[in-house]
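I have placed the structure first, in the form of structure tokens, so that the comments after it can refer back to it.
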Amino acid sequence: MRALLLAGTAPVAAAAAQAQDAPRAETAARESDEIVVTARFREESLADVPIAITALSGEDLASRNLNTLQDIAQTVPTVDFRTGSSNKDRSIFIRGIGTITTSPGVEPSVATVIDGVVLSRPGQATLDLVDVERIEVLRGPQGTLFGKNASAGVINIVSRAPTQELSVNGQFGYYEGDEYRVRLGASGPIAKDLSFALTGLFANYDGNVRNLDTGENVNGYKRRGVRGKLVYEPAADLRFTLAGDYVYSFENVPTGIFRSTDRVAFPSGTVTPNPALAALLAADGITPGPNNTEVRPSFDADVRDKNFGASFTAEIGLGEHQLTSISAWRKWRNRQHQDWDSTGTVTPAIARGEDVGTVDADQFSQELRLTSPRGGFIDYVVGLYYFKAIARERYQRDVTQIVGGAPVDNQGVANYRTELDNYSVFGEANLNFTPQFRGILGARLIHDDLAYRHARVATTATGVPGIRPSFASSGDTSATDYSLRAGLQYEPSEWVNLYATYSRGYKGPAYNVFFNMQAFDVEPLAPETSDSYEIGLKASSPDRVASLGLALFLTKFQGFQANFQDTFLGSLVTRLINAGEVSSRGIEGDLTLRPARGLSLSGSLAYTDAQIDDFLCPASAGGACANVNGQPLPFAPKWKLHLDGSYTIPLSESLGLELQTDYSWKDETQYSITQTPDTIQPAYGIWNASIALVHEGKWQVRGVVKNISNTHYSPFISYGAVAGVSRFVPRDNDRYFGVNASFDF
């Protein structure tokens, strides 16, 4: 099996080569492991692209039970992930930069792209990967080519293409805790010039959190999915691809698993004990703590999510040029039922609430680009792009309070909608001064039109915890701006690539449209822009025994769009603001070694200093914000490390025994921009290992153990809506074992 990051080991079959042919066989094997990426809309060697990229093999991710972007965040030091009770609340961070909001009027900072199609909302990107060829993580602003929401980076997902011969493939996994995964696929020709690829998925996990009231496990999932492609190639310079996918998921992630009973007063950030919550949890038999995995809610929260779409891609040869058209439609249907207060009993000090929310989001995109041939003084990609997204949401909250010794019920229902139209023209070119020295120049001119409508009807005229009074508003805004990339690239030899680039990032205007929207939320946020400087080195030894990648970067953001927490009517609220200026600087390194046949060692390290430079306290907070200048951004650990090693012992010409292990370490991480002490996750490390019987290119059976040292951690810690500090429990919170088998014939 290839190493998860960057490169891989030589095939088992090479071990049976004759002694005199061994050097030649090993060299050929290493050359065949060259990683090809499409980060610039061309097929290029990873080592030749002047961008900091991590490439991940879909096959290897699946074999190690890494099936979502949240899973892979542990293996890529520059990536972090904000989890939540619903995928509507989740988002991705690169180099410490990401977007924390549930508003449909805000773009993510990290773009997720599937087969050339950009996803409009962060929550859509948390779908099961189903079946992918590879994942490319592009670090830093990528707005010139990838467009509307790539100010911090891009997650580029490439699914499997149809094969030229009929083949079937599958994966069967079973893991401790009654987690199982079944994936079956087929690919091959249907008729002359027509081929297909089809994959189906069935997965289930009971969960690792105990509901003391029902005695059942929660924090699990059910997933069903299918992805397919039809490819028609009537001529050498004509290719048409029709692709579609559908993923359904059911999750019962608890809204809150109590870590402590502290409460916080915003905007000051003052933390005090909460004896009322402590007494309630004690009566419920729950002991809050950093490894608490027990809850007793009013009901089990659940989220039902449908994520589906289709695209049509035409690739047409125009002489030596290629014209590519991608037309895509996507829909997202999300239904969530949440326990707002995370407790099971209403008391005079703690209200009880129930939330029911729906998301109906639709998007259409059309991209048209022209790619020139390579080899001349200038080669380029130019194009036009249009994107339209409409999101309709309904949110209902029912709150019960004890007033004068008697329960009082109140309800709020909000209906809101956002509509975004994005138009752009873009291009990027290489200026080949010599075969070894070139300039890079790219730009994207962008226009955004954003509008919203919001109406909330509440039974309370003055407001109660969790429900503001009735309110209605609407608005629209627009902006025209640009992204830019300029740089130089020098290759002093076939094995060394040096580059230096400047990039200007852009993220469009925004509205904080959500259930409890009120008067100070109606003004639009200005666009977020950034200036990024990067110097990089990619090198390998002539025999490919070693490869190295280094990147130094500095990115400064202006008008940073961030969530600021506050207290309103006794409960926590968030205010989306242009928080001011922040910066991210650091160094990243990737190293792969293949010192002997069958042995592969890889490591990646990131130092990221992502901090708040100049925080602008919003006027609505009355100037009472705590001073957070110089403090770290949320989800931005300073150090992250991932090590991976595998050794294949040849058993026969085509059969081998693979021993594999990996270790990930993450520095102390603050999860809140307000820098509250209870939302810090201490540093921790996770050690995994596996052993596999591998038939080269045909099948493998792998035994897996995750979190060998039984290290407990929380991928997200936050203050509850009413009181207390809640943690989220990851799948590998405790050591577990499993078996994974796959085949490809």
Side-chain angles (χ1 to χ4, degrees), residues 5-6 35 37 39-40 44-55 76-79 93-97 109-110 136-146 150-154 428-443 483-506 529-541 546-558 582-592 602-611 613 633 636 638-642:
L5 296 177
L6 295 179
I35 296 175
V37 296
R40 297 196 297 173
E44 299 176 287
S45 168
L46 176 66
D48 294 337
V49 181
I51 300 172
I53 304 176
T54 300
V76 184
T78 50
V79 175
F93 295 74
I94 293 180
R95 292 178 172 173
I97 304 298
S109 300
V110 178
E136 302 167 5
V137 181
L138 284 62
R139 312 192 288 268
Q142 306 295 330
T144 53
L145 291 180
F146 283 95
S151 56
V154 168
E428 187 166 298
N430 290 324
L431 305 175
N432 302 299
F433 303 121
T434 73
Q436 292 78 37
F437 180 57
R438 66 188 59 89
I440 306 159
L441 185 61
S483 296
L484 181 69
R485 191 203 307 272
L488 295 173
Q489 182 179 11
Y490 177 55
E491 297 174 337
S493 76
E494 182 181 353
W495 315 107
V496 178
N497 176 14
L498 300 167
Y499 67 89
T501 58
Y502 162 76
S503 300
R504 184 185 193 269
Y506 165 82
T529 60
S530 62
D531 295 284
S532 181
Y533 306 87
E534 182 172 315
I535 299 173
L537 161 69
K538 296 182 181 183
S540 63
S541 59
S547 59
L548 171 69
L550 288 174
L552 287 81
F553 64 91
L554 167 64
T555 307
K556 289 184 171 291
F557 290 80
Q558 299 82 38
V582 305
S583 61
S584 176
R585 55 180 60 82
I587 182 170
E588 304 157 345
D590 299 293
L591 175 66
T592 299
S602 66
S604 51
L605 175 71
Y607 170 78
T608 306
D609 181 14
Q611 68 173 27
D613 295 328
L633 285 168
K638 285 207 169 178
W639 291 96
K640 269 186 88 175
L641 167 74
H642 181 76

Starting at [atom1] of [X], measure out to [atom2] of [Y] and round the result to the nearest 0.5 Å.
| X | Y | atom1 | atom2 | result |
| --- | --- | --- | --- | --- |
| L548 | S540 | CG | OG | 9.5 Å |
| H642 | S602 | NE2 | OG | 6.0 Å |
| L488 | F437 | CG | CZ | 4.5 Å |
| L431 | Q489 | CG | CD | 11.5 Å |
| L537 | N497 | CG | CG | 8.0 Å |
| I53 | T78 | CD1 | OG1 | 11.5 Å |

Exercise for review: Walk me through it: do L138 and F146 pass the test side-chain contact (heavy atoms from CB on, under 4.5 Å)?
Suggested key: CA-CA 10 Å; L138 284 62; F146 283 95; 3.6 Å; yes

Review point. Hey, does the side chain of K538 reach the backbone of I51 with a donor-acceptor pair shorter than 3.5 angstrom?
Key: yes

Check your understanding: Going by heavy atoms in the side chains, are Q611 and S583 under 4.5 Å from each other?
Key -> yes

Review point. Do P50 and I440 have side chains that get closer than 4.5 Å, going by heavy atoms?
Key: yes

Review point. Are R139 and F553 in a cation-pi setup, meaning NZ or CZ lies under 6.0 angstrom from the ring centre and within 45 degrees of the ring axis?
Key: no

Apply side-chain contact (heavy atoms from CB on, under 4.5 Å) to [X] and list each qualifying residue two or more places apart in sequence or on a separate chain.
| X | answer |
| --- | --- |
| L552 | I587 |
| A486 | L441 |
| S532 | P141, S503, T555 |
| A429 | I378, Y380 |

Least distance between heavy atoms, [X] atom then [Y] atom:
| X | Y | answer |
| --- | --- | --- |
| D609 | K638 | OD1-CE, 3.7 Å |
| Y499 | A551 | OH-CB, 4.2 Å |
| S151 | Y506 | CB-O, 3.9 Å |
| A52 | E588 | CB-OE1, 4.0 Å |
| S584 | T608 | OG-CG2, 3.7 Å |
| W495 | S541 | CE3-O, 3.8 Å |

**Study point:** Counterpart residues, salt bridge (charged side-chain N to carboxylate O under 4.0 Å, His left out), relative to R485 (two or more places apart)
**Key:** E428

Point to revise | salt bridge (charged side-chain N to carboxylate O under 4.0 Å, His left out) against E44, all qualifying residues, sequence neighbours excluded | key: R40, R374

Point to revise | Residue pairs, two or more places apart or on separate chains, that pass salt bridge (charged side-chain N to carboxylate O under 4.0 Å, His left out) and touch residues 487-500 | key: R438-E491

Point to revise | Listed partners of Q558 passing side-chain hydrogen bond (donor to acceptor under 3.5 Å, both in side chains), at least two apart | key: T529

Study note, to complete from the structure: Those residues at least two apart in sequence (or on a different chain) that pass side-chain hydrogen bond (donor to acceptor under 3.5 Å, both in side chains) with D531 are Y502

Check your understanding: Residues in ring pair (Phe, Tyr, Trp, His ring centres under 6.0 Å) with Y607, at least two apart?
Key -> W639

Review point. Looking at residues at least two apart in the chain, or sitting in another chain, which of them share a ring pair (Phe, Tyr, Trp, His ring centres under 6.0 Å) with Y490?
Key: none

**Study point:** Evaluation steps, side-chain contact (heavy atoms from CB on, under 4.5 Å), between K556 and Y533
**Key:** CA-CA 9 Å; K556 289 184 171 291; Y533 306 87; over 6 Å; no

